[in-house]
Amino acid sequence: MTNPDDLMAIVAGEGQLAARLGIEFVEASPERVVARMPVEGNTQPYGLLHGGASCVLAETIGSTGAALHAGPGRIAVGIEINATHHRSATSGYVTGVATRLHGGRTLATYDIAISDEQDRRVCTARLTCLIREQPPGGEGPAA
């Protein structure tokens, strides 16, 4: 799938994890994907943004970029993610910006910066996706 609007509608569609976390896409291209997510509803018991929620945001936007890079008839699946949590967020929104570091035929890697509303870095992540041909009869964003 190469149409960013169609892909974003699928990724953040009803019943998908991105929708459950309130992730909203701002822009998407193979080189750069931007989305935001509310802190409220995505916290751990101490009222801080859950680190796992930051990882979901990072993987969502990095995988979206990789899927756009892969193009029609191909799929992108995350094979490695790492994240460093720099500071807490307790309210408002966080914004993730995924920037492509490498876009090859079989791998795509994205650097993801997640910041709070004061533009302070909350998390830095890196995601690598494997790019494969879509299996015959396969369903999903690349269909």
Side-chain angles (χ1 to χ4, degrees), residues 1-44 48-143:
M1 175 170 298
T2 56
N3 184 316
D5 292 332
D6 291 345
L7 181 60
M8 289 183 299
I10 291 169
V11 171
E14 185 176 336
Q16 300 301 315
L17 183 58
R20 291 185 183 130
L21 271 61
I23 295 173
E24 303 168 352
F25 284 93
V26 176
E27 67 178 81
S29 72
E31 297 80 22
R32 176 181 151 101
V33 179
V34 180
R36 67 185 207 143
M37 178 180 70
V39 172
E40 184 177 341
N42 295 314
T43 59
Q44 37 91 314
L48 308 174
L49 178 64
H50 195 292
S54 293
C55 288
V56 170
L57 176 59
E59 183 145 359
T60 297
I61 62 178
S63 293
T64 297
L68 292 170
H69 168 75
R74 306 189 81 206
I75 61 172
V77 294
I79 59 171
E80 189 270 339
I81 187 168
N82 65 58
T84 300
H85 306 289
H86 306 290
R87 69 180 319 119
S88 61
T90 58
S91 64
Y93 283 81
V94 291
T95 299
V97 178
T99 305
R100 187 174 64 197
L101 297 175
H102 171 77
R105 189 177 57 78
T106 59
L107 290 177
T109 301
Y110 286 78
D111 179 66
I112 299 107
I114 300 174
S115 302
D116 64 15
E117 292 179 321
Q118 288 75 44
D119 204 30
R120 297 176 299 191
R121 183 75 61 106
V122 172
C123 176
T124 300
R126 186 175 62 204
L127 174 73
T128 298
C129 292
L130 176 67
I131 298 172
R132 302 181 49 185
E133 296 299 319
Q134 185 169 353
E139 296 181 18

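Only a predicted model underlies this, so the values are computations on that prediction, with no experimental measurement involved. Just so you know, residue 1 is the first one in the sequence shown, and it goes up from there.
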Practice problem: Kindly compute the distance separating CG (Asp116) from SG (Cys123), expressed to the nearest 0.5 Å. | Solution: 12.0 Å
Practice problem: State whether the side chain of Asn42 and the backbone N or O of Pro38 hold a donor-acceptor pair below 3.5 Å, judged by distance alone. | Solution: yes
Quiz item: Quick one: are Met37 and Val56 in side-chain contact, heavy atoms under 4.5 Å?
Solution: no
Quiz item: How far does CD of Glu133 sit from CD1 of Ile75, to the nearest 0.5 angstrom?
Solution: 9.5 Å
Quiz item: What's the shortest heavy-atom distance between Ser54 and Leu49, and which atoms?
Solution: OG-CD2, 3.4 Å
Practice problem: Identify, with sequence neighbours excluded, every residue that meets side chain to side chain contact (heavy atoms under 4.5 Å, CB included) alongside Ala70. | Solution: Arg74, Ile131
Exercise. Can you measure from CZ (Arg132) to CZ (Arg105) and round to the nearest 0.5 angstrom?
Key: 13.0 Å
Practice problem: Scan residues 58-71 for pairs that pass side chain to side chain donor-acceptor pair (under 3.5 Å), counting only residues two or more places apart or in two chains. | Solution: His69-Arg100
Quiz item: Does CD belonging to Glu40 count more than 12 external heavy atoms closer than 6.0 Å?
Solution: no
Practice problem: Output all residues satisfying salt bridge (charged side-chain N to carboxylate O under 4.0 Å, His left out) with Arg126, sequence neighbours left out; order by chain, then residue number. | Solution: none
Quiz item: What closest approach, in Å, do Ala67 and Leu7 show between heavy atoms, and which atom pair accounts for it?
Solution: CB-CD2, 3.7 Å
Quiz prompt | Atom of Leu57, atom of Ala35 and distance for their closest heavy-atom approach | solution = CD1-CB, 4.2 Å
Quiz item: Looking at residues at least two apart in the chain, or sitting in another chain, which of them share a salt bridge (charged side-chain N to carboxylate O under 4.0 Å, His left out) with Arg87?
Solution: none
Self-check item: Sub-4.5 Å side-chain heavy-atom contact between Leu127 and Ile112
Solution: yes
Quiz item: Any side-chain heavy atom of Phe25 within less than 4.5 Å of one from Ile61?
Solution: yes
Exercise. Taking the side chain as every heavy atom from C-beta outward, state whether Pro4 and Val33 have any atom pair closer than 4.5 Å.
Key: no
Exercise. Give the minimum heavy-atom separation between Ala58 and Ile81, together with the two atoms involved.
Key: CB-CD1, 4.1 Å
Self-check item: Thr128-Thr109 side chain donor-acceptor pair, cut-off 3.5 Å
Solution: yes
Practice problem: Test side chain to side chain contact (heavy atoms under 4.5 Å, CB included) on Val97 and Arg32 and set out the steps. | Solution: CA-CA 7 Å; Val97 178; Arg32 176 181 151 101; 3.4 Å; yes
Exercise. Can you measure from CG (Leu48) to OG1 (Thr90) and round to the nearest 0.5 angstrom?
Key: 7.0 Å
Quiz item: Does the side chain of Ile79 reach to within under 4.5 Å of the side chain of Leu107, using non-hydrogen atoms?
Solution: yes
Quiz item: Who passes side chain to side chain contact (heavy atoms under 4.5 Å, CB included) against Thr124, sequence neighbours left out?
Solution: His86, Asp111, Arg121
Quiz item: Which residues pass the salt bridge (charged side-chain N to carboxylate O under 4.0 Å, His left out) test with Glu117, sequence neighbours left out?
Solution: none
